[in-house]
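Within every chain, numbering begins at 1; the chains are lettered A, B, ... in the order of the sequence lines, protein sequences first and strands thereafter. Side chains are part of it too, since the values below use all heavy atoms of this structure and drop only hydrogens, waters and symmetry mates.
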There are 2 protein chains.
Amino acid sequence: MDLKIVASEDKPPKTSTLKRNNERPRQILNAAIELFCELGFEAARLEDIADRAGVSKATIYLYFESKEDLFFALIRENVVPMVDETISQMESFEGPASDFLRFKAHTLGHTLAYTNQGAILKLVVAESRRFPEIADYFRTEVPERGIENLAKLIQRGIDDGEFRPCDAKTAAALFMFPLLMNGIWMNSLGPDTVIDPGLLIEMHCENFIRGLTL
Amino acid sequence: MDLKIVASEDKPPKTSTLKRNNERPRQILNAAIELFCELGFEAARLEDIADRAGVSKATIYLYFESKEDLFFALIRENVVPMVDETISQMESFEGPASDFLRFKAHTLGHTLAYTNQGAILKLVVAESRRFPEIADYFRTEVPERGIENLAKLIQRGIDDGEFRPCDAKTAAALFMFPLLMNGIWMNSLGPDTVIDPGLLIEMHCENFIRGLTL
DNA sequence: AGGATATGACTGACCAGTCAGTATAGTCAG
DNA sequence: CTGACTATACTGACTGGTCAGTCATATCCT
């Protein structure tokens with residue numbers, strides 16, 4: 001792509017505060033996310049990540065132990081906080097369970113389909129067999145906590161007579177799976193002419209609630 | 001440089017040659033499937049594939065042009081025939097649409113969850129951005145044909161008054177997505193203690209039909 | 001001065017793909 | 001039947017390129 005002329009015409013835009021050290025990890029991580037999502041873990045080259053972050057490859061090693069550590073940080077810094085937020089939303093929610101499901105289907109559904117959150121999911125799923133410790137961390141922090149909390153909400157719906165009795169955990173997973181698959185789809189094979197993600201989310205939402213309602 | 005045209009076919013009518021040559025491509029392909037599914041395309045080494053197939057690496061190149069060709073052959077030889085079969089089942093089916101959905105949910109659901117078909121899906125999804133031609137081939141041969149035909153069946157259900165009116169293609173995708181995600185899940189993060197794949201398939205099946213029924 | 005931040009240049013391992021050569025079996029002239 | 005020839009199947013050893021990770025050196029900021 002761009003070969004660097006050795007010296008000459010060095011940085012004219014002299015950044016006064018070179019104490020950007022605080023931002024460096026974030027810059028590098030963002031570049032890593034983009035490239036991991038585009039190419040997969042193996043095929044993403046550290047040198048390209050460095051280029052995109054505007055640093056040299058060696059600088060990455062000032063802030064991260066290894067390529068794998070970068071992958072781990074991605075989950076720790078980006079995915080887990082999002083789950084935390086969802087869970088606290090869920091805990092403070094008081095209306096009918098179906099209202100929350102509608103809200104969540106639309107927000108999460110669109111986030112997964114139209115941002116690289118879907119690509120991150122695809123990435124984790126693709127690499128999980130090769131990085132068991134990362135997969136373990138992800139599994140316990142994301143799906144297990146997420147499903148558990150969503151199951152609580154659905155169980156409340158069942159107890160309140162809003163939903164018919166069923167296994168709440170399975171129902172929670174069943175609520176999530178089309179949204180997750182939609183996100184993976186849109187970040188791999190899609191977008192295509194066959195599936196309209198917005199329509200699918202909408203239909204899933206109504207069909208799921210309809211099927212679950214007494 | 002390469003004048004290894006393999007064709008030149010004028011079969012002697014009676015050659016009782018014990019050539020195992022016929023089996024070689026299948027042996028190699030099976031080994032490739034296993035390793036691609038375990039490790040992903042990049043991380044799977046051709047030498048390991050060769051070892052598992054009981055041949056040398058150079059032998060692979062007698063039957064396949066490149067590593068990527070091996071990936072392509074995997075889809076052509078394994079995935080597409082399965083879709084063909086499903087479609088012909090669907091076309092010859094005559095009972096209520098919901099019966100076929102139940103049948104398909106269970107057979108396909110279990111195949112994806114408990115065989116490496118789910119891992120193959122995971123693989124295709126993971127690598128599709130890096131191999132656009134393979135992704136195009138897969139998309140047109142598998143999801144597009146599959147969804148189109150399933151949509152026909154669902155449309156018939158709508159026309160017959162079995163289901164309530166809705167967009168049949170979206171409904172078809174919505175029927176498939178939990179089964180696909182379940183297959184990917186079981187071949188990446190799962191199996192785990194949170195999700196029971198069999199229960200999920202069963203519940204999806206009933207909930208989906210219930211939601212769609214008038 | 002001296003610690004913190006950064007990098008260009010390098011290395012060592014790895015791996016897809018190649019090639020010259022071996023092995024085995026079929027063909028056929030004598 | 002035999003030995004020379006040929007076609008097919010296969011492989012060990014190599015190459016050229018790639019890339020994660022290292023390190024000696026340089027620059028900046030108290």
Side-chain angles (χ1 to χ4, degrees), chain A residues 1-28 31-32 35-36 39-73 127 130-131, chain B residues 1-28 31-32 35-36 39-73 127 130-131:
Chain A
M1 313 301 165
D2 52 358
L3 24 144
K4 296 189 166 173
I5 309 303
V6 182
S8 68
E9 61 122 357
D10 242 4
K11 342 227 169 193
K14 190 71 160 67
T15 45
S16 55
T17 61
L18 207 100
K19 193 67 177 174
R20 289 174 306 173
N21 168 264
N22 308 327
E23 302 172 21
R24 278 277 182 272
R26 196 68 247 174
Q27 290 168 343
I28 294 167
L35 281 162
F36 283 162
L39 304 171
F41 180 82
E42 259 333 289
R45 291 166 56 234
L46 240 19
E47 220 140 13
D48 291 340
I49 292 172
D51 279 357
R52 194 169 293 202
V55 299
S56 77
K57 186 172 61 160
T59 298
I60 294 176
Y61 284 87
L62 294 178
Y63 300 100
F64 299 93
E65 275 185 11
S66 64
K67 196 182 181 186
E68 186 175 342
D69 186 39
L70 215 41
F71 185 19
F72 191 81
E127 306 295 346
R130 251 166 47 81
F131 300 103
Chain B
M1 304 309 170
D2 58 345
L3 37 142
K4 50 185 175 192
I5 307 300
V6 190
S8 73
E9 282 311 300
D10 50 343
K11 290 272 186 180
K14 192 191 59 68
T15 47
S16 61
T17 54
L18 254 288
K19 297 293 189 222
R20 292 168 305 165
N21 167 264
N22 308 327
E23 301 171 20
R24 278 277 181 270
R26 196 67 246 176
Q27 290 168 343
I28 293 167
L35 281 163
F36 283 161
L39 302 171
F41 180 82
E42 276 305 312
R45 291 166 57 232
L46 240 20
E47 220 140 14
D48 291 340
I49 292 172
D51 278 357
R52 194 169 294 203
V55 299
S56 77
K57 187 170 61 162
T59 299
I60 294 176
Y61 286 88
L62 295 177
Y63 299 101
F64 299 94
E65 274 184 12
S66 63
K67 197 182 181 186
E68 186 175 341
D69 186 39
L70 216 39
F71 184 20
F72 191 80
E127 306 295 345
R130 252 165 48 80
F131 300 102

N or O in side chain of A:Thr59 less than 4.0 angstrom from C:dA6 OP1/OP2
no

I need the CG-P distance between A:Leu62 and C:dT7, as an integer number of Å.
9 Å

Non-hydrogen atoms of A:Ala50 and A:Ser56 that approach each other most closely
CB-C, 3.6 Å

Could you check how far CD of B:Glu23 sits from P of D:dC10, rounded to whole Å?
10 Å

B:Arg24 CZ to D:dC10 C1', in whole Å, measures 8 Å

Test of understanding: with salt bridge (Lys or Arg N to Asp or Glu O under 4.0 Å), list the residues that count as partners of A:Arg26, not counting sequence neighbours.
none

Please collect all salt bridge (Lys or Arg N to Asp or Glu O under 4.0 Å) contacts where either partner lies in residues 49-58 of chain B, sequence neighbours excluded, each pair once.
B:Glu34-B:Arg52, B:Glu38-B:Arg52

Just the rounded figure in Å: distance from P of D:dA20 to OH of A:Tyr63.
20 Å

Once you round it to whole Å, what is the distance between C1' of D:dC19 and CG of A:Leu35?
14 Å

All side chain to side chain contact (heavy atoms under 4.5 Å, CB included) counterparts of B:Glu65, not counting sequence neighbours:
B:Asp69

Side-chain donor-acceptor pairs of residues 39-47 of chain B under 3.5 Å, sequence neighbours excluded:
| residue | atom | partner | partner atom | Å |
| --- | --- | --- | --- | --- |
| B:Glu42 | OE2 | B:Arg130 | NH2 | 2.1 |
| B:Arg45 | NH1 | B:Asp48 | OD1 | 3.2 |
| B:Arg45 | NH1 | B:Asp48 | OD2 | 3.1 |

Nearest-angstrom distance from the residue atom CD1 of A:Ile60 to P of D:dC19
14 Å

Side chain to side chain donor-acceptor pair (under 3.5 Å) partners of B:Ser66, counting only residues at least two apart:
none

Nearest whole Å is fine: how far is D:dA20 P from A:Asp69 CG?
15 Å

Mark up nucleotides 11-17 of chain C, 5' to 3', with B wherever a protein heavy atom is under 4.0 angstrom from a base atom, S wherever such an atom reaches only the sugar-phosphate, and - elsewhere.
----SBB

